[in-house]
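Before any comments, here is the structure.
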Amino acid sequence: MSKLKLNADTRWMKIKGIPIIGNTKTSSIIGLDEKGYSLVKEIEKSGLDLETMQDENSELVNALIEGGYFNNIKSKIESAYLHVTHRCNLHCLGCYSYEDMRNDLLDLDTEMMKHILDELKSVGVDNLVISGGEPFLRQDLLEILRYAKLDLSISNISLITNGTILDIDWEEVKKYIDLLSFSLDSYKDDISFIRDEGIFNKIIKNIEESKKYLPTNIIVTIHKKNIDSLEEYKKLTDKLNVSMNISLFVAKKDEVFKDYILDSSDYEKLSEVIMTSNISILDSSIEGQLGCRESCGAGKSIISVDANGNVTPCHLFYEKEFILGNIQENGLAKILNNSKLNPVVAFTVEDIDDCQQCEYNYLCGAGCRYRSYCTKGSISSVDPVCGLYKAYFNSFFKSL
């Protein structure tokens, strides 16, 4: 019997003096004591013969097997954003899917949307985020959702709405959606930051209805004008008894956005709040379980499809130079196969010199490439949230 070898996805870390082995494909991380470290180093050098393995090593070896350290695991797209329409009834500042003529553009028809869903399922997508524009403006939305959930058996489907559409058939929606997220701009009715005025009470009414039928979440976009109000948002979500996470306002430096773009002092504030409030940040490693990652996953484990069928590495990269292809023209497998030289898809944490010396590099995966692109003009620059990551991981390991 040939010996088992650690695969190329294996990475080593040393955090607070603790040796840790990780796998970038499975996200597995295993902390090692002195004996475990010696064993894995021996396996790395000479391979593992299961027939001669001592029983005392079986627990660690089984963890390595279950973590995928010996298998050559093929990359697959696990998650995708699907923008079902350009159209929207609001005018949000800094919207990542904004189009000048968005409400004059025709939506792709129902059959094409089903074809896109077929393509997403074919490459492994089992976590689907339906977004827009405003998805509930599509008259055939329920048919699209039904096809994704029942015909394709996509396990986890969430939908992001601005919450202003009142004529919703909740009994039908709950059959096909696992989570409904409401983008919320303010925490009371007489304030608006980046969205239209006079919509707060309408959104709250919809949130109250939604939570009667299915898990309901609030997404708050944090920017310079509301960063000091995080506790107010938390009080509101606690009162509504729904979950909350935040996204960070990201935009290229422009006079229109200058009063909203976060700076280093704002990220320091965020760090203090995140440490005490247990709030997760979307598009960051401060979300979900701790794991080993070589990048943010854009174009590798997650993609986005816009309302024209354009495939991009994630829902933030809307610029033409980052488009990987169009599903109306080519199959998704072919598009992804040809995308490997795209700088966002090819990026790993090893591409940033400053990250090489950081003990947390394979935990944060260098953060969000789009934030780096917007703030520094390069996808290979340090994520401005870097300090927050370090504070978060420092706190996590200090608590162990």
Side-chain angles (χ1 to χ4, degrees), residues 79-92 94-99 101-121 125 127-152 154-185 195-196 199 202-203 205-207 209-211 213-221 242 245 247 282 302-312 314-316 318 327:
S79 304
Y81 276 72
L82 175 57
H83 302 265
V84 296
T85 182
H86 290 293
R87 292 180 295 130
C88 190
N89 56 333
L90 298 184
H91 311 83
C92 305
C95 175
Y96 61 74
S97 63
Y98 182 77
E99 291 269 0
M101 301 294 290
R102 65 186 311 163
N103 289 315
D104 295 321
L105 297 171
L106 293 176
D107 291 335
L108 298 179
D109 63 28
T110 309
E111 291 309 308
M112 179 53 69
M113 295 307 303
K114 289 181 178 179
H115 170 68
I116 292 173
L117 287 167
D118 287 338
E119 290 290 300
L120 291 173
K121 183 66 176 181
V125 170
N127 297 288
L128 180 67
V129 180
I130 301 292
S131 185
E134 171 47 52
F136 282 110
L137 289 178
R138 280 199 72 124
Q139 297 300 308
D140 60 351
L141 179 63
L142 286 175
E143 184 176 353
I144 292 169
L145 293 173
R146 183 204 60 76
Y147 186 76
K149 176 58 75 173
L150 301 185
D151 291 64
L152 298 182
I154 294 178
S155 296
N156 186 36
I157 300 177
S158 58
L159 186 146
I160 301 175
T161 177
N162 64 34
T164 61
I165 308 298
L166 294 178
D167 298 326
I168 296 175
D169 187 342
W170 294 106
E171 288 289 351
E172 283 297 303
V173 167
K174 74 176 184 180
K175 297 177 183 177
Y176 316 123
I177 295 178
D178 300 285
L179 177 70
L180 185 57
S181 286
F182 289 80
S183 297
L184 192 65
D185 181 39
R195 302 191 174 212
D196 306 47
I199 61 175
K202 187 183 293 185
I203 297 171
K205 180 180 178 181
N206 258 338
I207 291 172
E209 281 299 305
S210 173
K211 70 181 188 179
Y213 296 88
L214 71 163
T216 300
N217 179 61
I218 287 176
I219 300 174
V220 179
T221 299
V242 296
N245 46 35
S247 64
L282 295 174
I302 184 171
I303 57 172
S304 180
V305 182
D306 74 12
N308 291 324
N310 291 318
V311 181
T312 60
C314 80
H315 61 289
L316 297 174
Y318 254 67
I327 294 185

Which is it for His86 and Asn308 under the side-chain hydrogen bond (donor to acceptor under 3.5 Å, both in side chains) test, yes or no, and what are the steps along the way? CA-CA 8 Å; His86 290 293; Asn308 291 324; 3.0 Å; yes
Could you check whether any side-chain heavy atom of [X] comes within less than 4.5 Å of a side-chain heavy atom of [Y], counting everything from C-beta outward?
X: Tyr81; Y: Thr312; answer: no
X: Glu134; Y: Ile165; answer: yes
X: Asp178; Y: Leu214; answer: no
X: Pro135; Y: Ile160; answer: no
X: Leu150; Y: Lys175; answer: no
X: Tyr176; Y: Ile130; answer: no
X: Asn206; Y: Trp170; answer: yes
X: Asn162; Y: Arg195; answer: yes

By side-chain contact (heavy atoms from CB on, under 4.5 Å), Lys205 pairs with (sequence neighbours left out) none
Shortest non-hydrogen separation from [X] to [Y] and the atoms involved:
X: Leu128; Y: Ala148; answer: CD2-CB, 4.2 Å
X: Ser158; Y: Ile177; answer: CA-CG2, 4.4 Å
X: Gly309; Y: Ile116; answer: CA-CD1, 4.4 Å
X: Lys211; Y: Val242; answer: CD-CG1, 4.1 Å
X: Gly133; Y: Cys88; answer: CA-CB, 4.1 Å
X: Gly163; Y: Thr161; answer: N-OG1, 3.0 Å

Could you give the distance from [atom1] ([X]) to [atom2] ([Y]), rounded to the nearest 0.5 Å?
X: Leu137; Y: Arg87; atom1: CG; atom2: CZ; value: 5.5 Å
X: Asn217; Y: Leu184; atom1: CG; atom2: CG; value: 10.5 Å
X: Leu142; Y: Asp169; atom1: CG; atom2: CG; value: 6.5 Å
X: Ile203; Y: Phe182; atom1: CD1; atom2: CZ; value: 8.5 Å
X: Asn89; Y: Asp196; atom1: CG; atom2: CG; value: 7.5 Å
X: Ile327; Y: Ile303; atom1: CD1; atom2: CD1; value: 6.0 Å

Query raised in the report: Counting distance only, does the side-chain N/O of Arg138 pair as donor-acceptor with the main-chain N or O of Thr85 below 3.5 Å?
Result: no
> Between the main-chain N or O of Ala307 and the side-chain N or O of Asp107, is there a donor-acceptor pair closer than 3.5 Å?
Replying inline: no
Pairing of Glu143 and Lys114 as salt bridge, 4.0 angstrom limit
yes
(message) Evaluate Thr221 against Asp185 for side chain to side chain contact (heavy atoms under 4.5 Å, CB included), listing each step before the verdict.
(response) CA-CA 7 Å; Thr221 299; Asp185 181 39; over 6 Å; no
Trace of the side chain to side chain contact (heavy atoms under 4.5 Å, CB included) decision for Leu117 with Tyr147 = CA-CA 8 Å; Leu117 287 167; Tyr147 186 76; 4.0 Å; yes
| request: Would you check, one step at a time, whether the test side chain to side chain contact (heavy atoms under 4.5 Å, CB included) holds for Tyr213 with Ile168? | output: CA-CA 12 Å; Tyr213 296 88; Ile168 296 175; over 6 Å; no
Inset, instruction - Could you check whether the rings of His83 and Tyr318 sit parallel, tilted or perpendicular, using 30° and 60° as the cut-offs? - result: perpendicular
Mind running side chain to side chain contact (heavy atoms under 4.5 Å, CB included) on Glu209 and Leu166 for me, showing each step along the way? CA-CA 10 Å; Glu209 281 299 305; Leu166 294 178; over 6 Å; no
